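The structure displayed is predicted, hence computed values, not measured ones. Note on naming: letters A, B, ... go to the chains in the order of the sequence lines (proteins, then strands), and numbering restarts at 1 for each one.
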Number of protein chains: 2
Amino acid sequence: MSVTIIDVAREAGVSRTTVSNVFTGKDKCSEETRLAVLAAAKHLGYKPNLAARSLITNQSRLIGMILPSYVDPNTLTSSPFYNIIMDSVYSVLRNEAYYDLIIFPVQYKEKLVQVSDWIDARNVDGILAVGEFDRNFLKVLKSKSIPVVLIDNYSQTSDANFSYVNSDDTTGGYLATQHLIEKGFRNIALCSVELHGPLMQKRYQGYKRALKEAKLRETVFDKTGVPFEAGIQYAEALIAQGLDAAFCTEDMIAVGILHGLLKKGVKVGEDFGLVGFDNIYLGYQVYPELTTVDQNIFEKGETATRTLLNILNHSNSTGSRLVLPVNLVEREST
Amino acid sequence: MSVTIIDVAREAGVSRTTVSNVFTGKDKCSEETRLAVLAAAKHLGYKPNLAARSLITNQSRLIGMILPSYVDPNTLTSSPFYNIIMDSVYSVLRNEAYYDLIIFPVQYKEKLVQVSDWIDARNVDGILAVGEFDRNFLKVLKSKSIPVVLIDNYSQTSDANFSYVNSDDTTGGYLATQHLIEKGFRNIALCSVELHGPLMQKRYQGYKRALKEAKLRETVFDKTGVPFEAGIQYAEALIAQGLDAAFCTEDMIAVGILHGLLKKGVKVGEDFGLVGFDNIYLGYQVYPELTTVDQNIFEKGETATRTLLNILNHSNSTGSRLVLPVNLVEREST
DNA sequence: CTGAAAGCGCTTACAG
DNA sequence: CTGAAAGCGCTTACAG
């Protein structure tokens, strides 16, 4: 019913091999026949069937993205970070013919096995894993023998050896805290959610170092739950404990604290210094605008996608391991 | 190299037809053989190859989602609306074996032709089109003869006749404006971006009706561009023109106005009434929290996905045309 | 530069 | 309830 390569071959008066060659660009044929084939294809409305192609080449032209949505059931909704990553992936994929993205938001940690089946069933060509996944899961990925690029993962062992793109999280924590100190704040809290995670630990290390250098004491707030809500709660505790500044390991927490502080009539930026981390849009949409550590999420996603595509398209590519720089964006909250 | 149906058949001592039957659940076989096949499959680590299956059944188990990202290059990033929709789609798809979502963010209106090719190449089983697309494009979709569900589209002609899920936008505009009037505001502006679009026109109609009933005069602000930035600019104009309230056709605009107003020292909620539309999380993350019209985006996405799946799984389903109710959420900005 | 043939992994009539 | 056969639309050696 649909128009196939055979129809095109007949119409153009060539064999199907030739038609195939024209479309895959594998074998060169005379410019004349090439044009004839293209004309015939266009005339008949022929489009290669990717499933058939996939069956024989064993390439799906599908990139699988894995998101740990067990951290938050509605990952895409609650965390702008992932949206930016997605947009950046599409911005790169748009220029690559026939590549599509399929996403597996992992609802429960226990369901990581399902991801394995999914990878097999869809036969994805490569994987973009965003966020923290433990070693066992990385082993599973390794067993697939397909290219993998990790974003923000710190559990890699030497035997996994995947390409990755991270940010300089420790420096980020350091810069944020140092900035607060320079601004004259002395009682600086660290506000986090799930601080035990490897990534948050890095940011925490930066905070610690800055405080140590300035001979200041650390105060840590940590809990599990929704970052924004945690921030709301931290605001009260911050006031109660007489702290005058906070470095938040995520912008979302800072936005919550800002909300809580404003409600209490605290003049954020003057009487209280607040710094976030990520530089999501939200940070400059609120008022006063949030000082934060910019990790250039979009570039991170682009870089990771390009890295993956590189490995995919050039079998000799060894991939790459990158740590992107980070920088402080001073706005109104400090 | 990979384990196929043949290997399983051999291991289980049955024909491949039987193995296929077990996995597709088409033909019933003895419970005994079924178990044997399953055991063999598990033992060998067999997983059906979707590409091969797709080739023969002409079903890809892929749902195509089309987003008009020509409105905004980084749609997912800039508009929380789409993220919520995506999350809702995944929440439904998770319970459907082997369905995946692929997305086509349409960068330029001119590239709508590419979408057509994409649909053919990937052979998507059904389409979810989110946002406004013109009639010509709907015609193209129609020509594919696959199920389509529209979300927030108002350009459908009777010959297209697709299923859709919309919200009661007119009532929403009415409720928002009426609320401001009840709160005692009299100089109520309508603030929009690309007001000429059919959806915004609906919300505008509601605003008009409420004003007319109260015998108040309308003041319209409209421009093209990023909603948040537009809001920032509107804030100045609002003050300059002595208006004391605004109904925004999107929360994002309201957040911008809020930002601009706060910067000018205006006490929003007391001296100025502000109402948004959508009820995205951002609205209660800012301070003061935004009064808005809730359109339950998540449910909208779920409903649309279920509708599509229904048509896909039950060929006798005729789909459905739904207009979801909308309701006012009063918070601190009014 | 082009054609005939095999085959990717599966499903689906059709016989038994 | 089960098996042998055809074929989905394509690519890829292999001859010519």
Side-chain angles (χ1 to χ4, degrees), chain A residues 1-38 40-41 44-62 97-98 117 119-125 315, chain B residues 1-38 40-41 44-62 97-98 117 119-125 315:
Chain A
M1 48 187 124
S2 59
V3 19
T4 77
I5 210 168
I6 297 185
D7 304 312
V8 179
R10 193 179 305 134
E11 173 92 3
V14 299
S15 75
R16 23 182 172 161
T17 307
T18 306
V19 178
S20 176
N21 282 338
V22 168
F23 275 90
T24 53
K26 278 278 161 58
D27 218 357
K28 46 221 135 196
C29 57
S30 72
E31 186 64 9
E32 205 182 335
T33 31
R34 208 180 71 85
L35 258 30
V37 167
L38 254 26
L44 297 172
Y46 168 76
K47 277 132 204 170
N49 178 320
L50 292 192
R53 188 178 273 185
S54 168
L55 188 56
I56 190 110
T57 62
N58 200 28
Q59 281 184 66
S60 61
R61 290 259 160 186
L62 245 24
Y98 298 129
D117 288 355
I119 293 171
D120 293 337
R122 280 293 176 196
N123 193 25
V124 297
D125 289 348
S315 47
Chain B
M1 51 187 119
S2 58
V3 17
T4 77
I5 211 170
I6 299 185
D7 303 312
V8 179
R10 192 180 304 136
E11 173 93 2
V14 299
S15 76
R16 23 184 173 159
T17 307
T18 306
V19 177
S20 177
N21 283 337
V22 168
F23 276 91
T24 52
K26 279 276 160 59
D27 218 358
K28 45 218 134 199
C29 58
S30 70
E31 186 64 10
E32 204 182 333
T33 31
R34 209 181 70 84
L35 257 31
V37 167
L38 254 26
L44 297 172
Y46 168 75
K47 277 133 205 171
N49 178 321
L50 293 191
R53 186 179 275 184
S54 168
L55 188 56
I56 191 111
T57 62
N58 201 27
Q59 282 184 64
S60 60
R61 290 260 160 186
L62 246 25
Y98 299 128
D117 288 353
I119 292 171
D120 294 337
R122 280 296 176 192
N123 192 27
V124 297
D125 290 347
S315 47

**Request:** Specify the separation, in whole Å, of atom CD1 of I6(A) and atom P of dG7(D).
**Result:** 11 Å
**Request:** May I have the distance from Q59(B) (atom CD) to dT12(C) (atom P), rounded to whole angstrom?
**Result:** 9 Å
**Request:** Take the protein atom CZ of R34(A) and the nucleotide atom P of dC1(C), then report the distance between them rounded to whole Å.
**Result:** 12 Å
**R16(B) CZ - dC8(C) P separation (whole Å)** = 10 Å
**Asked** If only atom types and distance count, is the side chain of D7(A) paired as donor or acceptor with the main-chain N or O of T4(A) below 3.5 Å?
**Response** yes
**Asked** Y46(A) has an atom OH; how far is it from atom C1' of dG9(D), in whole Å?
**Response** 8 Å
**Asked** Rounded to the Å, how far apart are R61(B) CZ and dG9(C) P?
**Response** 21 Å
**Whole angstrom value for the distance that separates C1' of dG9(C) from CZ of R53(A)** = 18 Å
**Item:** Whole angstrom value for the distance that separates P of dA4(C) from CZ of R10(A)
**Value:** 13 Å
**Non-hydrogen atoms of E11(B) and L44(B) that approach each other most closely** = CB-CD1, 3.8 Å
**Complete:** Among the nucleotides dC8(D), dT2(C), dC10(D), whichever has the atom closest to the side chain of S15(A) is dT2(C)
**Message:** dC10(C), OP1 or OP2 - any side-chain N/O from T57(B) closer than 4.0 Å?
**Reply:** no
**Request:** When you get a sec, tell me which of dG3(C), dC8(C), dC10(C) is the closest nucleotide to the side chain of I56(A)?
**Result:** dC8(C)
**Request:** Report yes if at least one side-chain N or O of S20(B) is closer than 4.0 Å to OP1 or OP2 of dC10(C); otherwise report no.
**Result:** no
**Message:** Taking the minimum atom-to-atom distance to the side chain of I5(A), which one of dC10(D), dG3(C), dC10(C) wins?
**Reply:** dC10(D)
**Message:** Measuring to OP1 and OP2 of dT11(D), would you say a side-chain N or O of T24(A) lies under 4.0 angstrom away?
**Reply:** no
**Item:** Shortest side-chain distance from N21(A), nucleotide among dG9(D), dG3(D), dT12(D)
**Value:** dT12(D)
**Message:** Please classify the nucleic acid contact of S54(B) as base, sugar-phosphate, or nothing, using heavy-atom distances under 4.0 Å.
**Reply:** nothing
**Message:** At 4.0 Å (heavy atoms only), tell me whether T17(B) reaches a base, stays on the sugar-phosphate, or touches nothing.
**Reply:** base
**Request:** List the atom of P48(B), the atom of R53(B), and the distance in Å for their closest heavy-atom pair.
**Result:** CB-NH2, 3.5 Å
**Message:** Treating R122(B) as the side-chain partner and Y98(A) as the backbone partner, does any N or O pair qualify as donor plus acceptor under 3.5 Å?
**Reply:** yes
**Asked** Ignoring hydrogens and geometry, is there a side-chain-to-backbone donor-acceptor pair from T24(B) to S20(B) under 3.5 Å?
**Response** yes
**Message:** Between T33(A) and dT2(C), is there a contact of a side-chain N or O with OP1 or OP2 at under 4.0 Å?
**Reply:** yes
**Request:** Counting Watson-Crick and G-U wobble pairs only, both distances under 3.5 Å, name the nucleotide matched with dT2(D), or none.
**Result:** dA15(C)
